[in-house]
Amino acid sequence: MTTNGTPELKPILVFDSGIGGLTVLREARLLMPERGFIYVADDAGFPYGGWEEAPLKARIIALFGELLARHDPEAVVVACNTAFTLAGADLRQHFPDRRFIGTVPAIKPAAERTRSGLVSVLATPGTVKRAYTRDLIQSFASQCHVRLVGSENLARMAEAYIRGEVLDDAAVIAEIAPCFVEKDGARTDIVVLACTHYPFLANVFRRLAPWPVDWLDPAEAIARQARRLVPLVDGAEHPDDLDFAVFTSGSPDFSTRRLMQGMGLSVKVTSTPYLA
Ligand code: DGL
């Protein structure tokens, strides 16, 4: 019970390798104002994009074993395409009594909306390699021409940008250029932002794109799915000490702490490190 006698609600845990999941957290907060949020960044493992599949999967499962035991959330939003396309099914299998809301490349809505039939998926190198991503294309976009673009550097660049660093335009252009395809007089008209870090750069992408496209950010759709799975409880509220961020490195830098505070999250320093 809270101090005024209303039932206490469990938090929602939002997970990513870094700060990308904040793009999902900000939408989830709008739709679930009665809930507290725990934001977890596996910054000790960042970036996930370059990892081999087997060790990354093992790391994610082991980390979730600890996170679920320590924080006992009502639901988990895996706000990371690279993690969920690899380990989503295994997470559900390992923790069958938990609710997971996943993040996968928004290929289906892109295929439904494209007029030119040319769609690009901008993601980490890990996500573009996944069988999951190929299956999405086969199931929902077989009538489209889908270009998969795996970016080595954009997740790091998004982290730097959001901490206030200035990005080199030419470096950004080099990462996004392969998304722009011209074929038989048609041009790419939708680019799926299939890494949760990338919406932070959407304005930069718009400014530097060779022609206007729709940059598809799935954050709101993920938040809506979370809302559907976690119904409102009349009169219940979250305890005041919720809304904090956890970093697996245990030591986020000053600008990251400031960013978290700006998002209304305090940074929790854990005495026992994760995956020790
Ligand atoms: N934000 C993550 C994603 O959605 C990945 C960034 C990374 O760790 O490479 O895919």
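Note that the structure is predicted; figures quoted are calculated from it, not measured. Count residues from 1 along the sequence. Atoms within a ligand are numbered from 1 in the order they appear, just like the ligands themselves.
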Between Thr127 and Thr133, a side-chain donor and acceptor under 3.5 Å: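 On atom types as modelled, these side chains do not qualify, holding no pair under 3.5 Å.
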How about Asp189 and Thr114: does a side-chain donor come under 3.5 Å of a side-chain acceptor?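 A donor-acceptor contact under 3.5 Å links the two side chains.
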So, are Asp169 and Arg207 salt-bridged, with charged N and O less than 4.0 Å apart? yes
Numbering as shown, the atoms of ligand 1 that approach [X] to under 4.0 Å (heavy-atom distance):
{"X": "Phe46", "answer": "7 (C), 8 (O)"}
{"X": "Ser17", "answer": "5 (C), 6 (C), 7 (C), 8 (O)"}
{"X": "Thr82", "answer": "2 (C), 3 (C), 5 (C), 10 (O)"}

Assess Cys80 for proximity to ligand 1: is some non-hydrogen atom of it under 4.0 Å away? yes
N or O contact, Gly49 vs ligand 1, cut-off under 3.5 Å: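 Yes: some nitrogen or oxygen of Gly49 is under 3.5 Å from one in ligand 1.
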Taking distance alone, with no angle check, do Thr196 and ligand 1 share an N/O pair under 3.5 Å?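 Yes: some nitrogen or oxygen of Thr196 is under 3.5 Å from one in ligand 1.
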Can you label the angle between the Phe205 ring and the Tyr198 ring as parallel, tilted or perpendicular, going by 30° and 60°? perpendicular
Testing Asp214, Leu122, Val119 for side chain to side chain contact (heavy atoms under 4.5 Å, CB included) with Val192, which one passes?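 Of the listed residues Asp214, Leu122, Val119, the side chain to side chain contact (heavy atoms under 4.5 Å, CB included) partner of Val192 is Val119.
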Given the side-chain rings of Phe15 and Phe64, with only the six-membered ring counted for Trp, is the space between their centroids under 6.0 Å? yes
For ligand 1, indicate whether the residue Asp16 contacts it via side chain, backbone, both or neither (heavy-atom separation under 4.0 Å).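 Looking at Asp16 and ligand 1, just side chain atoms fall under 4.0 Å.
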Given His197, Glu152, Arg156, which has its nearest heavy atom closest to atom 1 (N) of ligand 1? His197
